[in-house]
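Here is the naming used below: chain letters follow the sequence lines, and residue numbers restart at 1 for every chain. Since the structure is predicted, the reported quantities are computational estimates derived from the model, not experimental observations.
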There are 2 protein chains.
Amino acid sequence: MRQMRHPPIEDVELEQVFHALSDPMRLGIVRKLAGSAELSCAALEDGRAKSSVSHHFRVLRDSGLIRTRPEGTTHMNSLRRAELDARFPGLLGAVLAVSPPPCDTPPRDD
Amino acid sequence: MRQMRHPPIEDVELEQVFHALSDPMRLGIVRKLAGSAELSCAALEDGRAKSSVSHHFRVLRDSGLIRTRPEGTTHMNSLRRAELDARFPGLLGAVLAVSPPPCDTPPRDD
DNA sequence: ACGATAGTTCGATCTCAATCGAACAATTGC
DNA sequence: GCAATTGTTCGATTGAGATCGAACTATCGT
């Protein structure tokens, strides 16, 4: 069973984390993962091509933000929350405290 | 006296901030500005071409991180600290709490 | 008014990065 | 063993972004 490669948390640089989070798709993934223990890649596809999504997960992994473990044909992803909180105290909390801007859905006509 | 254009803080998005901070040069500028009231562009050139530095200051301004005011021939720059703390509580603090990795200078032979 | 200074803009060059389709790989159920 | 499922990798395409030199702009001192 092939394991994914994750950088040790002490090798994770702030610039890499910012670069990973500067993309709306990846920031969205991190937000969703913050609200769950684990989520599969398929659960986070958001209508994109598989290869695009795979690319983003690769960036998130390489930047040290997430951990990926295989489970059958599925890859389960989780935020490396505790490690990141230790490495950059308060950063993730501050990031996740910011709610995303409203998406393009028109306002409800209740 | 020409004023620089700064986005209102409520128009500043998290992704823009992350994009601005994902470049080592710009992150370095923000770190230095955090330790001063104001600094000129020239004080932060770090050996780069003027046009390169100007480009980076433009990105920092457009992302809402800094404020620039002209003073004679000089442009004085400051971190929009209070506004950013209000907009993204704790974020800047967490960013600045992380010390930069050691630079490429060889260790002192004391 | 001119020269010096600080900084901006333009355009070129090159690298980086996001996108996707096609092909491939690992796992599981039958 | 094969098909289905999930996900990765490759390569192409396109756009974004960092770099710099040259030219330009605003301000100030003389």
Send over the distance from B:Glu71 CD to C:dT5 C1', rounded to a whole Å. 14 Å
Is it the case that one hydrophobic cluster holds both A:Met4 and A:Leu33, taking links as side-chain heavy atoms less than 4.5 Å apart, direct or via other members? no
Is the phosphate of C:dA17 approached by A:His19 (side-chain N or O, under 4.0 Å from OP1 or OP2)? yes
For the pair A:Arg69 and A:Glu71, find out whether any cationic side-chain nitrogen is under 4.0 Å from an anionic carboxylate oxygen. yes
I want to verify a distance call: between D:dG21, C:dG7, D:dT8, whose nearest atom is closest to the B:Ala49 side chain? D:dG21
Measuring to OP1 and OP2 of D:dA18, would you say a side-chain N or O of B:Arg48 lies under 4.0 angstrom away? no
May I ask you to say what A:His75 touches in the nucleic acid, namely base, sugar-phosphate or nothing, with a heavy-atom cut-off under 4.0 Å? sugar-phosphate
By nearest heavy atom, map B:Asn77 and A:Ser22 onto DNA chain C; which one lands nearer the 5' end? B:Asn77
Nucleotide D:dT8, atom P - distance to CG of A:Leu44 in whole Å: 12 Å
Give the nucleotide from the list C:dA6, C:dA18, D:dT8 with an atom nearest to the side chain of A:Asp23. C:dA18
Taken to the nearest whole Å, CD/A:Gln3 to P/C:dT27 is 10 Å
Would you classify B:Ser51 as touching base, sugar-phosphate or nothing, given that sugar-phosphate means primed atoms plus P, OP1 and OP2, and contacts are heavy atoms under 4.0 Å? base
Separation of atom CD in B:Glu38 from atom P in C:dG7, rounded to whole Å: 12 Å
Does a side-chain N or O of A:Arg58 approach OP1 or OP2 of D:dG7 to a distance below 4.0 Å, or not? no
I want to check one thing: is the phosphate of C:dT19, taken as OP1 and OP2, less than 4.0 Å away from some side-chain N or O of A:His56? yes
Send over the distance from B:Arg26 CZ to D:dA18 C1', rounded to a whole Å. 9 Å
Quickly work out the B:Leu39 CG to C:dA6 C1' distance and round it to whole Å. 15 Å
Spacing between B:Asp62 atom CG and C:dT9 atom P, to the nearest angstrom: 10 Å
Which is true for A:Met4 with a 4.0 Å heavy-atom rule: it touches a base, it touches only sugar-phosphate, or it touches nothing? sugar-phosphate
How long is the straight-line distance from CG of B:Asp85 back to CZ of B:Arg80, given to the nearest 0.5 Å? 12.5 Å
So that I can tick it off, tell me whether B:Glu10 and B:Arg87 are bridged by a salt bridge, with the cut-off set at under 4.0 angstrom between side-chain N and carboxylate O. no
Nearest whole Å is fine: how far is D:dC20 P from B:Asp46 CG? 11 Å
Of A:Ser52 and A:Thr73, the one whose closest nucleotide on DNA chain D sits nearer the 5' end is A:Thr73
May I ask you to check whether A:Arg67 and A:Ser78 show a side-chain donor-acceptor distance below 3.5 Å? no
